[in-house]
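Take a look at the structure set out below.
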Amino acid sequence: MVSMAVHLREQEMSLRDIAKQLVITTGTKKGQHPSPATVLRMLREHDERTAALVLENT
């Protein structure tokens, strides 16, 4: 789901539009769309991990 969110962000979609495109695949909310806040959190965590890997490899 994170990779799809990153791809959609690269297409300059809003968080609200990204959330509408994604579907939760496991857990109690399976089949539902995540909230825009959840999408923002996922993307922020992804960006932080990516930045840490870049710093680690320099």
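Model, not experiment: these values are computed from the prediction.
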| query | Roughly how far apart are R44 CZ and R41 CZ, rounded to 0.5 Å? | reply | 8.5 Å
| query | Under 6.0 Å from the CE atom of M1, do we count more than 12 heavy atoms belonging to anything else shown? | reply | yes
| task | For T50 and H46, indicate whether the former's side chain and the latter's backbone hold a donor-acceptor pair under 3.5 Å. | result | yes
| request: If a pair satisfies salt bridge (Lys or Arg N to Asp or Glu O under 4.0 Å) and one of its residues is in residues 45-58, list it, with sequence neighbours excluded. | output: R9-D47
Residues 10-27, side-chain donor-acceptor partners within the protein, below 3.5 Å, at least two apart:
{"from": "S14", "atom 1": "OG", "to": "D17", "atom 2": "N", "distance (Å)": "3.1"}
{"from": "S14", "atom 1": "OG", "to": "D17", "atom 2": "OD2", "distance (Å)": "3.2"}

